[in-house]
**Q** 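Let me give you the structure first, and then I'll get to my questions.
Residue indices begin at 1 and follow the sequence shown. Just so it is clear, the structure is predicted and the values come from calculations on it, not from any experiment.
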Amino acid sequence: MWIKITVLTVFLVIISVGAFRSTTPLIKNVYRGGEHFEGPHFAKDEGALYWVDISQQKVYRLDVDTGNVTRKDIGYGPVSIVIRVKDYPKLVIVTSRTELYFLSWDAKDEDTSLRLLSAVDIGLPDNRCNDGKVDAKGRLWLGTMGKEEMGSVEKDQGSLYMITENNYINPDTKVRPVSVSNGLAWTADNKFMFYIDSTTRNIDVFNFDLETGTIKNRRVLFSFQANNVTGVPDGMTIDRDGNLWVACYGGGLVIKIDSRAGKLMEQHKIPASQVTSVMWGGYDYSVLYVTTSSRGLSPVQKAQEPEAGSLFAIYNTGATGFPENQFVFGNADKY
């Protein structure tokens with residue numbers, strides 16, 4: 001009788017493991033040839049993924065149904081974010097240097113139709129905007145960074161701002177000083193906000209008040225050093241299970257972190273060492289888009305990393321994300 005029960009138990013365990021075994025993730029190169037790809041942003045109502053090439057001053061748009069990629073050449077300075085404006089398809093907000101602009105994607109090629117909205121870090125001409133995300137109230141959280149020179153950044157020169165349709169002339173400063181303001185994410189219940197200042201090599205968490213946009217009680221959730229993760233944390237997103245997915249710049253990885261326990265759960269190797277950002281996309285938000293950079297790589301390194309500077313997509317992670325928030329600004333088309 002004991003033998004029969006044991007055999008049956010083993011049989012059921014095998015069935016159970018097989019039923020819940022996840023499919024191996026598949027990494028696909030979607031678009032190559034960039035220098036410093038960053039800031040992916042998915043707009044489901046357009047079926048489009050937007051992203052930027054910071055150093056080449058370009059904004060890209062991928063039509064996920066056709067695979068067609070179009071781009072805008074800005075030419076005003078480093079371009080770091082592109083985010084859709086809510087209720088206005090193909091109208092995006094972009095940053096160039098430390099300025100924010102509205103850009104209509106359907107504008108004629110000879111007319112980029114950039115309309116200045118705001119500027120930050122006034123009096124710091126060597127600074128530039130870096131990463132940014134929109135919260136559930138439609139407010140833009142935008143970070144900056146100091147002067148870049150020979151692969152290093154002047155420390156403590158940047159800030160994290162919150163920009164709304166009411167305060168865009170004088171945005172609220174939320175965190176200062178910052179060295180390299182980077183990834184942002186919020187929990188589904190909007191009680192916590194996660195934040196990266198890359199030079200610290202930490203992922204921090206704040207208590208977050210959605211109604212007021214107040215953040216407090218900053219503390220370290222996850223340390224790259226303590227967990228022996230190579231590189232520095234860069235862009236970041238969150239999935240429906242509350243786990244963080246983080247780009248590891250210089251580490252060639254995307255890592256998955258339990259946002260409650262601060263524990264490393266998974267590591268996904270990307271065929272490019274300088275992984276810059278991640279964002280969920282696809283109509284069911286099951287595709288993890290990953291941007292990478294080839295900037296600063298030597299000829300030998302570029303030969304070793306021929307896919308550096310590409311946009312990748314990871315399928316079959318077993319996770320899904322949320323629709324990305326869009327910037328709320330009334331009458332943005334007429335501004």
Side-chain angles (χ1 to χ4, degrees), residues 22-32 34 36-42 49-52 54 62 130-131 133 180 182-186 194-198 200-205 221-282 284-295 297 304-322 324:
S22 61
T23 307
T24 302
L26 170 66
I27 301 176
K28 178 182 177 182
N29 191 313
V30 177
Y31 190 84
R32 65 183 69 213
H36 194 46
F37 282 171
E38 253 282 13
H41 173 88
F42 187 72
L49 180 82
Y50 291 93
W51 76 99
V52 302
I54 294 178
L62 166 69
N130 199 38
D131 211 343
K133 292 279 179 66
V180 181
N182 244 315
L184 288 155
W186 290 267
F194 304 98
Y195 178 61
I196 292 170
D197 180 350
S198 290
T200 68
R201 301 191 71 222
N202 294 330
I203 299 166
D204 293 340
V205 58
L221 173 76
F222 184 88
S223 163
F224 269 43
Q225 180 176 351
N227 286 275
N228 296 313
V229 178
T230 56
V232 300
D234 203 321
M236 172 172 59
T237 189
I238 195 166
D239 67 25
R240 289 184 178 272
D241 296 320
N243 299 312
L244 297 169
W245 296 72
V246 184
C248 301
Y249 189 87
L253 297 170
V254 171
I255 60 174
K256 178 182 176 182
I257 299 167
D258 183 329
S259 71
R260 295 156 293 267
K263 300 296 184 182
L264 180 63
M265 300 175 69
E266 297 175 9
Q267 300 186 62
H268 298 271
K269 183 67 177 175
I270 304 298
S273 60
Q274 297 178 162
V275 186
T276 58
S277 194
V278 289
M279 180 50 59
W280 296 104
D284 60 355
Y285 299 97
S286 66
V287 181
L288 187 67
Y289 286 101
V290 181
T291 51
T292 66
S293 172
S294 65
R295 187 182 63 168
L297 296 181
Q304 295 171 339
E305 301 179 32
E307 294 185 272
S310 293
L311 169 72
F312 295 92
I314 307 181
Y315 300 88
N316 305 326
T317 64
T320 57
F322 296 100
E324 195 169 0

**Q** Can you name the salt bridge (Lys or Arg N to Asp or Glu O under 4.0 Å) partners of Asp241, sequence neighbours left out?
**A**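 Counting only residues at least two positions away or on another chain, Asp241 forms no salt bridge (Lys or Arg N to Asp or Glu O under 4.0 Å).
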**Q** So, using ring pair (Phe, Tyr, Trp, His ring centres under 6.0 Å) as the criterion, who are the partners of Phe194 when residues are at least two apart?
**A**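 For Phe194 there are no ring pair (Phe, Tyr, Trp, His ring centres under 6.0 Å) partners, ignoring immediate neighbours.
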**Q** List, one per line, each side-chain donor-acceptor pair under 3.5 Å for residues 224-236, sequence neighbours excluded.
**A**
from	atom 1	to	atom 2	distance (Å)
Asn227	ND2	Ser223	O	2.9
Asp234	OD1	Asn182	ND2	3.2

**Q** Which salt bridge (charged side-chain N to carboxylate O under 4.0 Å, His left out) pairs, counting each pair once, include a residue from residues 260-278, with sequence neighbours left out?
**A**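 Non-adjacent pairs meeting salt bridge (charged side-chain N to carboxylate O under 4.0 Å, His left out): Lys256-Glu266, Asp258-Arg260.
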**Q** List the residues meeting side-chain hydrogen bond (donor to acceptor under 3.5 Å, both in side chains) with Ser259, not counting sequence neighbours, and say none if there are none.
**A**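 Partners of Ser259 by the side-chain hydrogen bond (donor to acceptor under 3.5 Å, both in side chains) criterion come out as none, since no residue qualifies.
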**Q** List in chain and number order the residues that pass salt bridge (Lys or Arg N to Asp or Glu O under 4.0 Å) with Arg201, two or more places apart in sequence or in another chain; answer none if no residue qualifies.
**A**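 Counting only residues at least two positions away or on another chain, Arg201 forms no salt bridge (Lys or Arg N to Asp or Glu O under 4.0 Å).
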**Q** Holding to side chain to side chain contact (heavy atoms under 4.5 Å, CB included), I want the full list of residues that pass it with Phe322, two or more places apart in sequence or in another chain.
**A**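 Result, side chain to side chain contact (heavy atoms under 4.5 Å, CB included) vs Phe322: Ala188, Ile238, Arg240.
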**Q** Among residues at least two apart in sequence or on other chains, which ones pass side-chain hydrogen bond (donor to acceptor under 3.5 Å, both in side chains) with Gln304?
**A**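 If we apply the side-chain hydrogen bond (donor to acceptor under 3.5 Å, both in side chains) test to Gln304, skipping adjacent residues, there are no hits.
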**Q** Got a sec, which residues hit side-chain hydrogen bond (donor to acceptor under 3.5 Å, both in side chains) with Thr200, two or more places apart in sequence or on another chain?
**A**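 Once residues adjacent in sequence are excluded, Thr200 has no partner under the side-chain hydrogen bond (donor to acceptor under 3.5 Å, both in side chains) criterion.
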**Q** Is it true that Thr291 and Thr276 share a donor-acceptor pair across their side chains at a distance under 3.5 Å?
**A**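 On atom types as modelled, these side chains qualify, holding a pair under 3.5 Å.
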**Q** According to salt bridge (Lys or Arg N to Asp or Glu O under 4.0 Å), who are the partners of Arg32, at least two apart in sequence or on a separate chain?
**A**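 Testing Arg32 for salt bridge (Lys or Arg N to Asp or Glu O under 4.0 Å), a comparison that skips the adjacent residues, returns Glu307.
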**Q** List for me each residue that meets salt bridge (Lys or Arg N to Asp or Glu O under 4.0 Å) alongside Asp204, sequence neighbours excluded, and say none if there are none.
**A**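 Partners of Asp204 under the salt bridge (Lys or Arg N to Asp or Glu O under 4.0 Å) test: Arg218.
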**Q** My understanding is that only residues two or more places apart in sequence, or in another chain, count here; which of them pass ring pair (Phe, Tyr, Trp, His ring centres under 6.0 Å) with Trp245?
**A**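 Partners of Trp245 under the ring pair (Phe, Tyr, Trp, His ring centres under 6.0 Å) test: His268, Trp280.
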